[in-house]
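Below: the structure, in structure tokens.
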Amino acid sequence: MTTDAVRSRAEELGIQTSYHDVNGLLHHADDTTVAHVVAVLEADRASVASTSRVASPVHVAGSGPLLVAARVVEATLIVDGTPVDVPASRGDDHDTIEVPADLPVGCHLLQFDTDRGPGETVVVVAPATMPSSDRFDGTGGLFTPTYALWEHTRPLPSFAHLHDLARAAKTNGLDVVSTLPLYATYLDEPFDPSPYSPVSRLHWNEVYLDDTGLPPATVPVVGDIIDWRMLAARRRAQLVEAAKVLSPAMLDELTAFVTAHPDVGAYARFRAGRDAGGDPIVEQSHLLAQYLADRQLGAIRDDPDAAALALDLPIGSHPEGYEVWADPAMFAPQMSVGAPPDSFFADGQNWGFPPPMPAAMHASGHRLWRQLIERVGRHADIVRIDHAMAVHRLWWVPEGVSAAQGVYVTYPREEILAVIAASAASAGVTIVGEDLGTVPHEVSEAFDRWDVLGMYEEQFHMDDEQLAHIPARTVAGIRTHDMEPIAELVATDDTAAYRQRLGAAHQCEIADRWDDVVDQMLVRLSHSDSYLVIADLDDLIGERRPHNMPGRVSPELWSRRLERPTSETLDDPDVRRRLGTLARRHDVSDDTATTSP
């Protein structure tokens, strides 16, 4: 093909051969990169086309009957596990299957037999808008990584500490506790403790299991920085020992759990095969870990005295992880997802995880999206989808080239949003889309149509000439975990102009101290129309060290504990006062801005 022909075919395949950067400058994609990605997407389509289909693998309810290019003999719709016969109508060159109008929201499997063989289609019954519960509208919440939580008598990170935090938050008048992803990560070889590069986004991190019920093990001295390798090895040994002596009753419970969640069995085989040559005891230990994690996380959601849990859903997983192993055709070979150059990363970013194949993903009925929302929805009431622009496009970086030479590949945006909305509504989950930074107008328009909750972070707007408007359709906060803590910012940057603007709005003077700035930021956020306000506990205590610094590698990242035990931290009078500011969102009319002491 000529260069022009390749670029023309690229656009047909959904490749954006040019894009505008954050400054509005037009950039044209590298010809070699375009040709490489075209070859991968052609292979994706060819692989899907090799399987004969008589109907679309995805059908959004409300778009008319399903067209079937064959004679339908019988059609059955599986609704909440119950088969329902549905009628088919004959046509000249195709049959049609009428989708019942009264289906509950969710994704339902339509199976049918035809004169050309069997077929199946995922019927997506989506709500008119992306789910968001009235329960959290106008409320406040608290964020902290689960690994940061500890007590003198229980120094190791655990789901139990997260449960305790949720109960303490509720006691302080907060409705939500937010934390980093809790998925399994590689903590041996390869070593990657980042919660945004999980082994799997369907399975939980066993290190967070509570020691209760597991064989006794020496409790190590834990310093300010968590030794993930040591804790992972300790937990592995406990689980293997426990797997050797499982009672008949526990074996029955594990069997029932795996029957209900077949992917757990596949995950256990993957981990045992990779790490222990398929040892059956090791495989059993991974089943036990997922069973216990499911129970311990479930206890938080089931506790009426605990705040609701908000979890992050990473946009990808480790290239050597379970998802690629379980379904390799779903991911692009020799490609990584990243981001083009911007003012922070002049060479662009390569995030290391493989992008999903558009045709394969569509052909599966967006199976992975459905599984991800269903699994996290078992335990979370709110799910924040990281880099939510991925429903529209991802920056593909071929192996061996600079991230700056990547190219955008688009995805079926409306179809994916419908699947997410249907799955979330079925699971009873509120969806938040991380839409910070430069958002393509196609995404903004789609999020407006779907009424998707976005995000607002005050720190992004501190240099604005005027105090920024805080949209009602947002989860608002001071900053994200990827930004420097506010105490560090106030200590090292000139915030005088921002303090003057904020002080004028609150009719007070704000001193050049982190606590004064945080206090008034919380008042501003709490009085806003935002759907939910979540504050980072680090900002309430004046912590200056970050949990993450994008683009940098350091032993301290993703591993720092709170300086004091969780209970002592929350009992601090200043912390309790700041939590009270968030709690009073329920009745902000009684809350007035005051001059900080």
State, without any angle test, whether Asp192 and Ser197 hold a side-chain donor-acceptor pair at a distance under 3.5 Å.
yes
Could you walk me through whether Glu189 and Arg274 satisfy the salt bridge (charged side-chain N to carboxylate O under 4.0 Å, His left out) test, starting with their C-alpha distance in whole Å, then the side-chain angles of each, then the deciding distance to 0.1 Å, before giving a yes or no?
CA-CA 11 Å; Glu189 295 298 338; Arg274 180 187 180 279; over 6 Å; no
Using the rule given for salt bridge (charged side-chain N to carboxylate O under 4.0 Å, His left out), can you reason through Arg236 versus Asp188, listing the C-alpha separation, both sets of side-chain angles and the distance that settles it, and then say yes or no?
CA-CA 11 Å; Arg236 270 283 81 223; Asp188 43 22; over 6 Å; no
Scanning both residues in full, the closest heavy-atom pair of Pro328 with Trp325 reads CD-O, 3.6 Å
Looking only at non-hydrogen atoms, find the nearest pair between Met389 and Pro440 and report the distance.
CG-CD, 3.8 Å
What verdict does the side-chain hydrogen bond (donor to acceptor under 3.5 Å, both in side chains) test give for Arg301 and His379, after you've listed the backbone C-alpha separation in whole Å, the side-chain angles of each residue and the deciding distance to 0.1 Å?
CA-CA 6 Å; Arg301 192 173 195 183; His379 305 304; over 6 Å; no
Can you see which heavy atom on Ala363 is nearest to which on Pro57, and at what distance?
O-CB, 3.4 Å
Pick out which of Val376, Asn205, Leu297 makes a side-chain contact (heavy atoms from CB on, under 4.5 Å) with Leu182.
Leu297
Is it the case that the side chain of Glu283 and the backbone of Gly278 share a donor-acceptor pair, with hydrogens and angles ignored and the cut-off at 3.5 Å?
no
Using the ring-ring contact (aromatic ring centres under 6.0 Å, His included) rule, take Phe191 and Trp228 through it: C-alpha gap first, then chi angles, then the decisive distance, then the call.
CA-CA 9 Å; Phe191 179 73; Trp228 283 114; 8.5 Å; no
Any side-chain heavy-atom pair of Gln349 and Trp395 under 4.5 Å:
no
Might you point out which heavy atoms bring Gly316 and Pro198 nearest each other, and give the distance in Å?
O-CD, 3.5 Å
Side chains of Val475 and Arg384: does their closest heavy-atom pair fall under 4.5 Å?
no
So Ile97 and Val99, do their side chains get closer than 4.5 Å, heavy atoms only?
no
Compute whether any side-chain donor of one residue and acceptor of the other, for Thr179 and Thr146, lie under 3.5 angstrom apart.
yes
Would the number of heavy atoms belonging to other residues, nucleotides or ligands and lying under 6.0 Å from CZ of Arg71 be above 12?
yes
Does the side chain of Pro195 reach to within under 4.5 Å of the side chain of Trp558, using non-hydrogen atoms?
yes
Smallest separation among heavy atoms of Ala29 and Val34, with atom names:
CB-CG2, 3.6 Å
Are Val40 and Pro333 side-chain neighbours, meaning at least one heavy-atom pair lies under 4.5 Å?
yes
Sidechain N-carboxylate O distance under 4.0 Å for Arg9, Glu42:
yes
Just by distance, do the side chain of Glu434 and the backbone of His387 share a donor-acceptor pair under 3.5 Å?
yes
With side-chain hydrogen bond (donor to acceptor under 3.5 Å, both in side chains) as the test, would you mind laying out the steps for His261 and Tyr267 before giving the verdict?
CA-CA 10 Å; His261 309 286; Tyr267 174 74; over 6 Å; no
Can you find a pair of side-chain heavy atoms, one from Ser56 and one from His362, that are under 4.5 Å apart?
yes
Hey, can you tell me if His203 and Tyr322 have their rings parallel, tilted or perpendicular (30° and 60° cut-offs)?
perpendicular
What one should report as the nearest heavy-atom pair of Val176 and Ala310 is CG1-CB, 3.8 Å
Is there a donor-acceptor pair under 3.5 Å between the side chain of Arg201 and the backbone N or O of Glu323?
no
Is a side-chain N or O of Ser47 found less than 3.5 angstrom from the main chain of Asp44, in a donor-acceptor match?
no
ring-ring contact (aromatic ring centres under 6.0 Å, His included) between Tyr147 and His547, intermediate numbers included
CA-CA 11 Å; Tyr147 59 72; His547 283 289; 5.5 Å; yes
Using distance alone, with no hydrogens and no angle criterion, decide if Tyr183 and His318 have a side-chain donor and acceptor under 3.5 Å apart.
no
Within a strict 4.5 Å, meaning less than it, do heavy atoms of the Thr410 and Glu442 side chains meet?
no
Applying the side-chain contact (heavy atoms from CB on, under 4.5 Å) criterion to Pro100, which one of Val123, Val86, Val125 satisfies it?
Val86
Mutual orientation of the aromatic rings belonging to Tyr19 and His27 [parallel < 30°, tilted 30-60°, perpendicular > 60°]
parallel
Do Tyr196 and Asn548 have side chains that get closer than 4.5 Å, going by heavy atoms?
no
